[in-house]
Amino acid sequence: MVVRLRLARFGKKRQPMYKIFAADARCPRDGRHLEVLGYYDAIPEKDGNKHVGLNIERIKYWLSVGAQPSTTVGRLLSQAGVIPRGIPTPLGFKSVKNPEKWARKEAAAPTDEGADADALA
């Protein structure tokens, strides 16, 4: 039995709310699941942020026993720092298409904020 960490859609029409859960890969998207591991609110709130709640201990457990995250859940987990950055695939993680550009972008992000503060002063 292959276990996947994936999203199930809840909420109203045009107001999606997702639950992150562990499920058998053969079950349908909103079907039977093994355990609820968190939530993801895809619509930004008034503060402009999308809200994510994760049960990190249980997610690490499921990853340790071989559960495979879906692409979206893998992206959310990498942004939360639970798994390394990259695109999750059944065989591991693919590297970023252009690692030099990605590294420059990450390195330039903190310095740009400081440069903007100096320019405003």
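Nothing here was measured: the structure is a model prediction, and the numbers come from that model.
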| Residues which pass salt bridge (charged side-chain N to carboxylate O under 4.0 Å, His left out) with Arg9, listed by chain and number, not counting sequence neighbours |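 In terms of salt bridge (charged side-chain N to carboxylate O under 4.0 Å, His left out), with neighbours along the sequence ignored, Arg9 is linked to no residue.
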Side-chain contact, heavy-atom cut-off 4.5 Å: [X] with [Y]?
X	Y	value
Cys27	Arg6	yes
Val3	Trp62	yes
Leu5	Ser70	no
Ile20	Leu7	yes

| task | Answer yes or no for Lys50 and Tyr40: cation-pi contact, defined as NZ/CZ to six-membered ring centre under 6.0 Å and angle to ring axis within 45°. | result |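 Lys50 over Tyr40 ring: no.
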Can [Y] be reached from [X] by stepping across I, L, V, M, F, W or Y side chains whose heavy atoms are under 4.5 Å apart?
X	Y	value
Phe10	Tyr18	no
Met17	Val73	no
Ile56	Ile83	yes
Leu76	Leu63	yes

Nearest non-hydrogen partners of [X] and [Y], listed with the distance:
X	Y	value
Ser78	Pro84	CB-O, 3.8 Å
Phe21	Ala23	CE1-CB, 3.3 Å
His51	Tyr39	O-CE1, 4.0 Å

| Inter-residue atom distance Ile43.CD1 - Arg14.CZ, 0.5 Å rounding |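 Going from CD1 on Ile43 over to CZ on Arg14, the span is 11.5 Å.
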| query | Can Leu54 and Leu77 be said to form a side chain to side chain contact (heavy atoms under 4.5 Å, CB included), step by step? | reply | CA-CA 9 Å; Leu54 301 171; Leu77 294 178; 4.1 Å; yes
